[in-house]
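Scope of the values below: all heavy atoms of this structure, side chains included, with no hydrogens, waters or symmetry mates.
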Amino acid sequence: MANPALRRAFEAKRFIVAPGIFDMISAKVADGMGFDCLYGTGFGTVASHLGVADAGIATYTDMVARMGQMARGVKTPMIADADTGYGGLLNVRHTVMGYEAAGISGIQLEDQEMPKKCGHTPGRRVIPAEEMALKIKVAVEARTSPDFLIVARTDARTTLGLDEALRRGRMFEEAGADVVFIESPESEEEMRAIGKAIRKPLLANMVEGGRTPILPAQTLKEIGYSIAIYPAVGFLAVAAALERAYGHLKQQGDSLALGESYGFKRMTELMGFPEVWDFETRWAQQPAKAAE
(Lines give C-alpha, C1' and ligand atoms only; values in the text may rest on other atoms or scores of the structure.)
Protein backbone atom coordinates (compact mmCIF):
# COMPACT_ATOMS: atom_id res chain seq x y z
CA MET A 1 0.00 0.00 0.00
CA ALA A 2 1.37 3.40 -0.98
CA ASN A 3 2.38 5.72 1.83
CA PRO A 4 0.02 8.76 1.77
CA ALA A 5 2.70 10.97 3.35
CA LEU A 6 4.33 11.56 -0.03
CA ARG A 7 1.20 12.91 -1.69
CA ARG A 8 0.54 15.07 1.38
CA ALA A 9 4.07 16.52 1.09
CA PHE A 10 3.38 17.52 -2.51
CA GLU A 11 -0.04 18.97 -1.60
CA ALA A 12 1.58 21.01 1.19
CA LYS A 13 4.02 22.37 -1.45
CA ARG A 14 6.98 21.29 0.66
CA PHE A 15 10.09 20.99 -1.53
CA ILE A 16 11.19 17.35 -1.49
CA VAL A 17 14.82 16.25 -1.52
CA ALA A 18 15.12 12.53 -2.29
CA PRO A 19 18.45 10.70 -1.98
CA GLY A 20 19.13 7.74 -4.23
CA ILE A 21 19.10 4.31 -2.59
CA PHE A 22 20.36 1.20 -4.31
CA ASP A 23 20.67 -1.59 -1.72
CA MET A 24 19.50 -2.31 1.81
CA ILE A 25 22.43 -0.59 3.54
CA SER A 26 21.87 2.65 1.63
CA ALA A 27 18.12 2.32 2.25
CA LYS A 28 18.55 1.85 6.01
CA VAL A 29 20.99 4.75 6.33
CA ALA A 30 18.79 7.14 4.33
CA ASP A 31 15.64 6.02 6.14
CA GLY A 32 16.97 7.28 9.45
CA MET A 33 17.80 10.79 8.24
CA GLY A 34 14.39 12.41 8.07
CA PHE A 35 13.87 12.73 4.30
CA ASP A 36 10.32 13.08 2.95
CA CYS A 37 11.05 10.60 0.16
CA LEU A 38 13.67 8.11 -1.01
CA TYR A 39 14.42 7.39 -4.67
CA GLY A 40 15.12 3.87 -5.87
CA THR A 41 17.71 4.52 -8.56
CA GLY A 42 17.74 2.28 -11.60
CA PHE A 43 21.44 2.89 -12.33
CA GLY A 44 22.50 2.08 -8.78
CA THR A 45 20.14 -0.84 -8.29
CA VAL A 46 21.17 -2.52 -11.55
CA ALA A 47 24.84 -1.89 -10.72
CA SER A 48 24.61 -3.30 -7.19
CA HIS A 49 22.39 -6.24 -8.12
CA LEU A 50 23.80 -7.31 -11.49
CA GLY A 51 27.05 -5.37 -11.85
CA VAL A 52 26.17 -4.20 -15.37
CA ALA A 53 25.20 -0.98 -17.14
CA ASP A 54 21.71 0.47 -16.74
CA ALA A 55 20.95 -0.23 -20.39
CA GLY A 56 17.78 -2.32 -20.41
CA ILE A 57 19.38 -5.53 -19.17
CA ALA A 58 17.51 -5.73 -15.86
CA THR A 59 14.02 -7.22 -16.14
CA TYR A 60 10.75 -6.35 -14.43
CA THR A 61 11.30 -9.32 -12.12
CA ASP A 62 14.79 -8.12 -11.18
CA MET A 63 13.62 -4.61 -10.43
CA VAL A 64 10.32 -5.16 -8.65
CA ALA A 65 12.02 -7.65 -6.33
CA ARG A 66 14.89 -5.34 -5.44
CA MET A 67 12.79 -2.17 -5.24
CA GLY A 68 10.14 -3.92 -3.18
CA GLN A 69 12.75 -5.25 -0.77
CA MET A 70 13.99 -1.70 -0.17
CA ALA A 71 10.46 -0.28 0.18
CA ARG A 72 9.49 -2.90 2.75
CA GLY A 73 12.66 -2.27 4.72
CA VAL A 74 12.08 1.46 5.26
CA LYS A 75 9.40 3.72 6.74
CA THR A 76 10.03 6.65 4.39
CA PRO A 77 7.92 6.79 1.18
CA MET A 78 9.83 5.65 -1.88
CA ILE A 79 9.63 6.48 -5.59
CA ALA A 80 11.13 3.73 -7.75
CA ASP A 81 12.52 3.76 -11.28
CA ALA A 82 10.58 1.38 -13.54
CA ASP A 83 12.23 2.25 -16.86
CA THR A 84 9.73 2.04 -19.75
CA GLY A 85 7.26 -0.15 -17.88
CA TYR A 86 9.08 -3.15 -19.42
CA GLY A 87 7.06 -3.30 -22.63
CA GLY A 88 3.70 -2.24 -24.01
CA LEU A 89 0.47 -1.17 -22.37
CA LEU A 90 -0.25 -4.56 -20.78
CA ASN A 91 3.28 -4.61 -19.35
CA VAL A 92 2.81 -1.12 -17.92
CA ARG A 93 -0.39 -2.20 -16.16
CA HIS A 94 1.37 -5.24 -14.72
CA THR A 95 4.35 -3.12 -13.64
CA VAL A 96 2.20 -0.56 -11.82
CA MET A 97 0.24 -3.27 -10.05
CA GLY A 98 3.43 -5.08 -9.03
CA TYR A 99 5.26 -1.99 -7.78
CA GLU A 100 2.25 -0.80 -5.80
CA ALA A 101 1.74 -4.24 -4.24
CA ALA A 102 5.43 -4.23 -3.27
CA GLY A 103 4.87 -1.20 -1.00
CA ILE A 104 6.35 1.47 -3.25
CA SER A 105 4.71 4.94 -3.17
CA GLY A 106 5.49 6.14 -6.68
CA ILE A 107 6.68 4.82 -10.01
CA GLN A 108 8.80 6.54 -12.67
CA LEU A 109 7.99 5.67 -16.28
CA GLU A 110 9.91 7.04 -19.26
CA ASP A 111 9.30 7.46 -22.98
CA GLN A 112 12.44 5.77 -24.27
CA GLU A 113 12.49 2.97 -26.78
CA MET A 114 13.43 -0.45 -25.43
CA PRO A 115 16.08 -1.30 -24.46
CA LYS A 116 16.36 1.91 -22.43
CA LYS A 117 19.55 3.68 -21.32
CA CYS A 118 20.54 5.84 -18.37
CA GLY A 119 19.22 9.36 -18.91
CA HIS A 120 22.61 11.07 -18.71
CA THR A 121 24.28 8.82 -21.31
CA PRO A 122 24.20 9.12 -25.13
CA GLY A 123 22.22 7.14 -27.68
CA ARG A 124 18.73 7.44 -26.19
CA ARG A 125 15.72 7.29 -28.53
CA VAL A 126 12.10 7.97 -27.62
CA ILE A 127 8.77 6.48 -28.64
CA PRO A 128 6.00 8.64 -30.14
CA ALA A 129 4.53 11.06 -27.58
CA GLU A 130 1.01 9.71 -28.14
CA GLU A 131 2.17 6.20 -27.27
CA MET A 132 3.69 7.42 -24.00
CA ALA A 133 0.51 9.34 -23.15
CA LEU A 134 -1.41 6.07 -23.44
CA LYS A 135 1.07 4.41 -21.11
CA ILE A 136 0.44 7.12 -18.52
CA LYS A 137 -3.34 6.70 -18.83
CA VAL A 138 -2.98 2.95 -18.34
CA ALA A 139 -0.72 3.50 -15.34
CA VAL A 140 -3.23 5.85 -13.71
CA GLU A 141 -6.04 3.37 -14.27
CA ALA A 142 -3.99 0.42 -13.00
CA ARG A 143 -3.20 1.81 -9.55
CA THR A 144 -5.53 0.92 -6.71
CA SER A 145 -4.79 4.00 -4.59
CA PRO A 146 -4.48 7.66 -5.60
CA ASP A 147 -1.60 7.87 -3.10
CA PHE A 148 0.48 5.81 -5.56
CA LEU A 149 2.09 8.54 -7.69
CA ILE A 150 2.81 8.32 -11.41
CA VAL A 151 6.02 10.13 -12.41
CA ALA A 152 6.19 10.60 -16.20
CA ARG A 153 9.62 11.19 -17.70
CA THR A 154 10.60 12.31 -21.18
CA ASP A 155 14.09 11.87 -22.62
CA ALA A 156 13.27 13.94 -25.71
CA ARG A 157 15.46 16.94 -24.81
CA THR A 158 18.76 15.33 -25.80
CA THR A 159 17.80 14.16 -29.30
CA LEU A 160 14.70 16.19 -30.25
CA GLY A 161 15.28 19.47 -28.41
CA LEU A 162 13.71 21.40 -25.57
CA ASP A 163 10.52 22.43 -27.40
CA GLU A 164 9.59 18.80 -28.05
CA ALA A 165 10.41 17.89 -24.45
CA LEU A 166 8.10 20.66 -23.23
CA ARG A 167 5.34 19.54 -25.59
CA ARG A 168 5.60 16.03 -24.20
CA GLY A 169 5.62 17.29 -20.64
CA ARG A 170 2.34 19.10 -21.23
CA MET A 171 0.87 16.00 -22.87
CA PHE A 172 1.88 13.90 -19.88
CA GLU A 173 0.15 16.37 -17.55
CA GLU A 174 -3.06 16.02 -19.54
CA ALA A 175 -2.75 12.22 -19.54
CA GLY A 176 -2.90 12.23 -15.73
CA ALA A 177 0.70 12.12 -14.51
CA ASP A 178 1.10 13.31 -10.93
CA VAL A 179 4.69 14.47 -11.45
CA VAL A 180 6.44 15.49 -14.68
CA PHE A 181 10.13 14.72 -15.20
CA ILE A 182 11.87 16.36 -18.18
CA GLU A 183 15.23 14.63 -18.24
CA SER A 184 18.60 16.23 -19.00
CA PRO A 185 18.03 19.96 -19.47
CA GLU A 186 21.46 21.40 -20.18
CA SER A 187 21.40 24.83 -18.53
CA GLU A 188 19.73 26.78 -15.77
CA GLU A 189 17.97 28.80 -18.46
CA GLU A 190 16.38 25.64 -19.82
CA MET A 191 15.35 24.58 -16.32
CA ARG A 192 13.66 27.93 -15.79
CA ALA A 193 11.77 27.50 -19.08
CA ILE A 194 10.58 24.08 -17.93
CA GLY A 195 9.44 25.54 -14.62
CA LYS A 196 7.29 28.11 -16.44
CA ALA A 197 5.80 25.61 -18.91
CA ILE A 198 4.62 22.80 -16.62
CA ARG A 199 1.77 23.14 -14.11
CA LYS A 200 2.03 19.78 -12.33
CA PRO A 201 4.80 19.12 -9.78
CA LEU A 202 8.17 19.01 -11.53
CA LEU A 203 11.07 16.69 -10.80
CA ALA A 204 14.73 17.70 -11.19
CA ASN A 205 17.38 15.03 -11.61
CA MET A 206 20.62 16.12 -9.92
CA VAL A 207 23.37 13.82 -11.16
CA GLU A 208 26.92 14.71 -10.16
CA GLY A 209 28.87 14.86 -13.44
CA GLY A 210 25.68 14.59 -15.51
CA ARG A 211 24.23 16.79 -18.26
CA THR A 212 22.16 19.03 -15.97
CA PRO A 213 23.63 21.75 -13.71
CA ILE A 214 23.40 21.04 -9.97
CA LEU A 215 21.32 23.79 -8.37
CA PRO A 216 20.57 24.37 -4.66
CA ALA A 217 17.20 23.15 -3.45
CA GLN A 218 16.01 26.68 -2.76
CA THR A 219 16.81 27.76 -6.32
CA LEU A 220 15.03 24.72 -7.75
CA LYS A 221 11.94 25.58 -5.73
CA GLU A 222 12.04 29.22 -6.82
CA ILE A 223 12.17 28.32 -10.53
CA GLY A 224 9.23 25.93 -10.35
CA TYR A 225 10.41 22.49 -9.24
CA SER A 226 8.76 20.46 -6.47
CA ILE A 227 11.18 17.57 -5.97
CA ALA A 228 14.86 16.90 -6.62
CA ILE A 229 16.27 13.39 -6.79
CA TYR A 230 19.96 12.67 -6.21
CA PRO A 231 20.22 9.13 -7.63
CA ALA A 232 24.00 8.91 -7.80
CA VAL A 233 25.10 10.65 -4.58
CA GLY A 234 25.04 7.44 -2.54
CA PHE A 235 26.70 4.94 -4.85
CA LEU A 236 29.37 7.44 -5.95
CA ALA A 237 30.30 8.05 -2.31
CA VAL A 238 30.27 4.32 -1.53
CA ALA A 239 32.47 3.47 -4.54
CA ALA A 240 35.01 6.13 -3.53
CA ALA A 241 35.08 4.91 0.08
CA LEU A 242 35.52 1.29 -0.99
CA GLU A 243 38.32 2.23 -3.36
CA ARG A 244 40.15 4.00 -0.52
CA ALA A 245 39.62 1.17 1.95
CA TYR A 246 40.53 -1.66 -0.42
CA GLY A 247 43.49 0.33 -1.77
CA HIS A 248 44.83 0.79 1.75
CA LEU A 249 44.38 -2.91 2.47
CA LYS A 250 46.24 -3.88 -0.71
CA GLN A 251 49.12 -1.48 -0.12
CA GLN A 252 49.51 -1.75 3.66
CA GLY A 253 48.25 -5.25 4.35
CA ASP A 254 45.94 -4.14 7.17
CA SER A 255 42.71 -2.27 7.80
CA LEU A 256 44.18 0.18 10.30
CA ALA A 257 44.45 3.97 9.88
CA LEU A 258 41.65 4.15 7.35
CA GLY A 259 40.25 7.35 8.80
CA GLU A 260 36.54 7.82 9.37
CA SER A 261 34.53 4.61 9.51
CA TYR A 262 30.85 3.93 10.11
CA GLY A 263 31.89 1.60 12.91
CA PHE A 264 31.00 -2.04 13.48
CA LYS A 265 28.80 -1.23 16.49
CA ARG A 266 26.73 1.26 14.51
CA MET A 267 26.38 -1.22 11.68
CA THR A 268 25.06 -3.92 14.00
CA GLU A 269 22.52 -1.42 15.31
CA LEU A 270 21.52 -0.36 11.80
CA MET A 271 20.90 -3.97 10.80
CA GLY A 272 18.81 -4.73 13.89
CA PHE A 273 21.15 -6.95 15.87
CA PRO A 274 20.09 -5.53 19.29
CA GLU A 275 16.53 -6.70 18.66
CA VAL A 276 17.85 -10.13 17.66
CA TRP A 277 19.92 -10.35 20.83
CA ASP A 278 16.95 -9.28 22.98
CA PHE A 279 14.81 -11.94 21.32
CA GLU A 280 17.41 -14.63 21.88
CA THR A 281 17.90 -13.64 25.52
CA ARG A 282 14.16 -13.67 26.19
CA TRP A 283 13.54 -17.03 24.61
CA ALA A 284 16.69 -18.62 26.01
CA GLN A 285 15.08 -18.29 29.45
CA GLN A 286 12.10 -20.39 28.42
CA PRO A 287 12.36 -24.08 29.38
CA ALA A 288 12.43 -26.37 26.42
CA LYS A 289 9.53 -28.84 26.40
CA ALA A 290 10.74 -32.38 26.44
CA ALA A 291 9.83 -34.45 23.43
CA GLU A 292 7.13 -36.99 24.15
Side-chain angles (χ1 to χ4, degrees), residues 2-3 5-7 9-10 13-23 26-27 29-31 33-48 54 63 66-67 70-71 74 76-84 99 104-112 116-121 124 148-155 157-158 165 169 172 177-186 188 190-191 194-195 198 200-238:
N3 190 329
L6 182 55
R7 181 175 285 281
F10 277 111
K13 300 191 182 304
R14 188 161 67 244
F15 189 82
I16 298 168
V17 173
I21 59 172
F22 54 93
D23 66 3
S26 62
V29 170
D31 190 42
M33 306 207 58
F35 289 102
D36 288 312
C37 177
L38 307 179
Y39 178 73
T41 160
F43 188 121
T45 301
V46 172
S48 64
D54 181 21
M63 297 303 285
R66 295 286 284 190
M67 295 294 187
M70 289 188 283
V74 300
T76 310
M78 175 180 163
I79 293 173
D81 188 355
D83 296 343
T84 63
Y99 271 55
I104 293 157
S105 295
I107 190 171
Q108 175 196 306
L109 298 169
E110 62 203 41
D111 62 355
Q112 285 193 49
K116 61 87 63 180
K117 296 179 175 66
C118 170
H120 286 252
T121 59
R124 289 167 290 134
F148 184 81
L149 302 182
I150 308 301
V151 180
R153 165 177 148 181
T154 178
D155 285 66
R157 162 63 188 93
T158 302
F172 299 170
D178 299 290
V179 179
V180 175
F181 175 5
I182 296 182
E183 176 66 292
S184 301
E186 298 185 2
E188 183 174 338
E190 289 191 1
M191 297 176 77
I194 293 168
I198 304 298
K200 289 283 186 74
L202 265 174
L203 184 149
N205 189 13
M206 300 284 95
V207 178
E208 297 77 12
R211 305 175 71 94
T212 301
I214 304 292
L215 302 180
Q218 184 59 38
T219 301
L220 290 170
K221 182 178 181 179
E222 289 171 357
I223 66 176
Y225 286 83
S226 299
I227 177 172
I229 59 172
Y230 296 78
V233 66
F235 63 74
L236 292 179
V238 166

Checklist entry - Below 4.0 angstrom, N of the basic side chain to O of the carboxylate: do Asp155 and Arg153 qualify? => result yes
Next on the checklist: Under 3.5 Å, is there a donor on one side chain and an acceptor on the other for Glu208 and Tyr230?
Outcome noted: no
Checklist entry - In Å and rounded to the nearest 0.5 Å, what is the CG to CG distance from Leu149 to Leu203? => result 11.0 Å
Checklist entry - Under 4.5 Å between any side-chain heavy atoms of Asp81 and Glu110, yes or no? => result yes
Checklist outcome for this item: Rounded to the nearest 0.5 angstrom, the OH-CE distance for Tyr39 and Met70 is 10.5 Å
Checklist entry - Would you say the side chain of Phe15 lies within less than 4.5 Å of the side chain of Ile227, judging by non-hydrogen atoms? => result no
Item to check | Residues Glu183 and Arg157 bridged, charged N to O under 4.0 Å | outcome: no
Checklist entry - Aromatic ring centroids of Phe235 and Phe43 under 6.0 Å? => result yes
Checklist outcome for this item: In terms of heavy-atom contacts, Ala30 and Phe35 come closest through O-CD1, 3.7 Å
Checklist outcome for this item: Output for pair (Asp111 CG, Thr84 OG1), nearest 0.5 Å, gives 10.0 Å
Checklist entry - Taking the side chain as C-beta and beyond, is there a heavy-atom pair between Met206 and Pro231 under 4.5 Å? => result no
Next on the checklist: Minimum heavy-atom separation for Leu6 and Cys37, please, with both atom names.
Outcome noted: CD1-CB, 3.8 Å
Item to check | Rounded distance (nearest 0.5 Å) linking atom CD1 of Ile16 with atom CZ of Arg14 | outcome: 7.0 Å
Next on the checklist: Taking the side chain as everything from C-beta on, heavy atoms only, tell me whether Ile107 gets closer than 4.5 Å to Val151.
Outcome noted: no
Checklist entry - So do the side chains of Glu188 and Thr219 get within less than 4.5 Å of each other, counting heavy atoms only? => result yes
Next on the checklist: Looking at Asn3, is its backbone amide N or carbonyl O close enough to the side chain of Ser105 to form a donor-acceptor pair, meaning the two atoms are under 3.5 Å apart?
Outcome noted: yes
Next on the checklist: Give me the atom names and distance for the closest heavy-atom approach of Gly42 to Met63.
Outcome noted: CA-CE, 4.1 Å
Checklist entry - Taking atom CD1 of Ile182 and atom OG1 of Thr154, what is their separation to the nearest 0.5 Å? => result 7.0 Å
Item to check | Least distance between heavy atoms, Ala80 atom then Ile104 atom | outcome: CB-CG2, 3.9 Å
Checklist entry - What's the verdict on side chain to side chain contact (heavy atoms under 4.5 Å, CB included) for Phe181 and Phe172, showing C-alpha distance, side-chain angles and the deciding distance? => result CA-CA 10 Å; Phe181 175 5; Phe172 299 170; over 6 Å; no
Checklist entry - Is the side chain of Ser48 donor-acceptor paired with the backbone N or O of Thr45 at a distance under 3.5 Å, no angle test? => result yes
Checklist entry - Checking Thr212 side chain against Pro185 main chain: does a donor-acceptor pair fall under 3.5 Å? => result yes
Item to check | Side-chain donor or acceptor of Lys221 paired with backbone N/O of Ser226 under 3.5 Å | outcome: no
Checklist entry - Which residues pass the side chain to side chain donor-acceptor pair (under 3.5 Å) test with Thr76, sequence neighbours left out? => result Asp31
Checklist entry - What's the shortest heavy-atom distance between Glu186 and Pro213, and which atoms? => result C-CD, 4.0 Å
Next on the checklist: Measuring from atom CD1 of Ile79 to atom CD1 of Ile21, what distance do you get when rounded to the nearest 0.5 angstrom?
Outcome noted: 11.0 Å
Next on the checklist: Before you tell me yes or no, could you show the steps for Ile194 and Tyr225 under side chain to side chain contact (heavy atoms under 4.5 Å, CB included), namely the whole-Å CA-CA distance, both residues' side-chain angles and the distance that decides it to 0.1 Å?
Outcome noted: CA-CA 9 Å; Ile194 293 168; Tyr225 286 83; 3.7 Å; yes
Checklist entry - Heavy atoms, side chains only, cut-off 4.5 Å: are Lys200 and Asp178 in contact? => result no
Checklist entry - In chain order, what residues pass the side chain to side chain donor-acceptor pair (under 3.5 Å) check against Ser26, with sequence neighbours excluded? => result Asp23
Next on the checklist: Which heavy atom of Val207 sits nearest to which heavy atom of Ala232, and what is that distance?
Outcome noted: CG1-CB, 4.4 Å
Checklist entry - After noting the C-alpha distance and the side-chain angles of Ile150 and Val179, does the key distance pass the side chain to side chain contact (heavy atoms under 4.5 Å, CB included) rule? => result CA-CA 6 Å; Ile150 308 301; Val179 179; over 6 Å; no
